[in-house]
Amino acid sequence: MRIAVISLFQEIIDSYLSKSLLSKARERGIFSVEVHDPRDYATDAHKTVDDSPFGGGPGMVMMCQPVFDLVSECNLPKPVIGLSPGGRRLDHALALELSAMDGFTLLCGRYEGIDQRIIDELVDFEVSAGDYVLAGGELAALALIESTLRLIPGVLGNAKSSMDESFADGLLEYPHYTRPASFKGVTVPEVLLSGNHALIAEWRKAAALYRTLVQRPDMIKARGGLSEADERILAKHGYSYKVSE
Ligand code: ADE
């Protein structure tokens, strides 16, 4: 997968990716990330990439020319995705769609915004990291990159692990414990010490269902409520709950 990032802050992207879990998969050539800086395409002596907004108002706006020149010279992978609070919200389903692609380009805005003509002419669709405003698209781009890449088999080193996690089957993940079995008098669920792997798998399913019921009832609704089998294993493992309307 070839990922290109258009950003005025190359070091934010590079430093994160060089230190994260993803760096090994990058070295193994499972994906490549290249960062392109619009400043390299500025034409004046000051390397100007922004200007004040027409119509007045605070802040600066990213200019068309450096970004248009960058895109026309770099043969970037499609689609071009703009990071913006107004875009489609990043979630597991979107990460899964992106993980099936051969590549894409991420355009990170900075300053107060980017000239709308860049979005209209160069961007295929926009993605948001959530309903809040960041100083720029870089953190959102990194969240998109990491959530997408970890779904590609081989990236995490363990093909199964990303499928076992929260959201993969519409549930939050079950809780984890490690040694010691008792810490300051608080013990881990006994079933985990039983060595009975079928029972442990069933407990994990029940614990995942319960955690999702309590913390994200909207996700239980989205999967059509609890099945009879779900209700059975919740009761068997001692979870009682009330489904809220
Ligand atoms: N740029 C600024 N805020 C953002 C957000 N919430 N998501 C994506 N890009 C952004």
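Every number for a ligand or one of its atoms is a count from 1 in the order of the listing.
- Residue contacts with ligand 1 for Ser128 involve both N, CA, C or O and side-chain atoms from C-beta outward (heavy atoms, distance under 4.0 Å).
- The protein atom (non-hydrogen) at minimum distance from atom 6 (N) of ligand 1 is Tyr132 O, 2.7 Å.
- The protein heavy atom nearest to atom 9 (N) of ligand 1 is Ser84 N, 3.2 Å.
- A salt bridge does not link Asp37 to Lys47: none of the charged nitrogens lies less than 4.0 Å from a carboxylate oxygen.
- Neither the backbone nor the side chain of Asp131 comes within contact range of ligand 1; no heavy atom lies under 4.0 Å.
- Within ligand 1, counting atoms from 1 as listed, the ones closer than 4.0 Å to a heavy atom of Gly136 are 1 (N).
- Of the inter-residue distances, the one linking Leu94 atom CG with Thr148 atom OG1 reads 6.5 Å to the nearest 0.5 angstrom.
- With Ser182 contributing its side chain and Thr187 its backbone, the two residues share no donor-acceptor pair below 3.5 Å.
- Distance from atom 2 (C) of ligand 1 to its nearest protein heavy atom, with residue and atom name: Leu134 O, 3.2 Å.
- Close contacts of ligand 1 with Ala140, meaning ligand atoms under 4.0 Å from a residue heavy atom, involve 7 (N), 8 (C), 9 (N).
- Counting the atoms of ligand 1 from 1 in the order shown, those under 4.0 Å from a heavy atom of Val127 are 8 (C).
- Of the candidates Lys205, Arg204, Glu202, His237 forms a side-chain hydrogen bond (donor to acceptor under 3.5 Å, both in side chains) with just one, namely Glu202.
- With no hydrogens or angles considered, no side-chain donor-acceptor pair links Tyr16 and Glu138 at under 3.5 Å.
- A distance-only check finds a donor-acceptor pair linking the side chain of Asp124 to the backbone of Val80 [under 3.5 Å].
- Within the cation-pi definition used here (under 6.0 Å to the ring centroid, within 45° of the axis), Arg88 does not qualify as a partner of Phe125.
- Under 4.0 angstrom from ligand 1, there are no non-hydrogen atoms of Ala135.
- For ligand 1 and Val133, the ligand atoms under 4.0 Å from any heavy atom of the residue are 3 (N).
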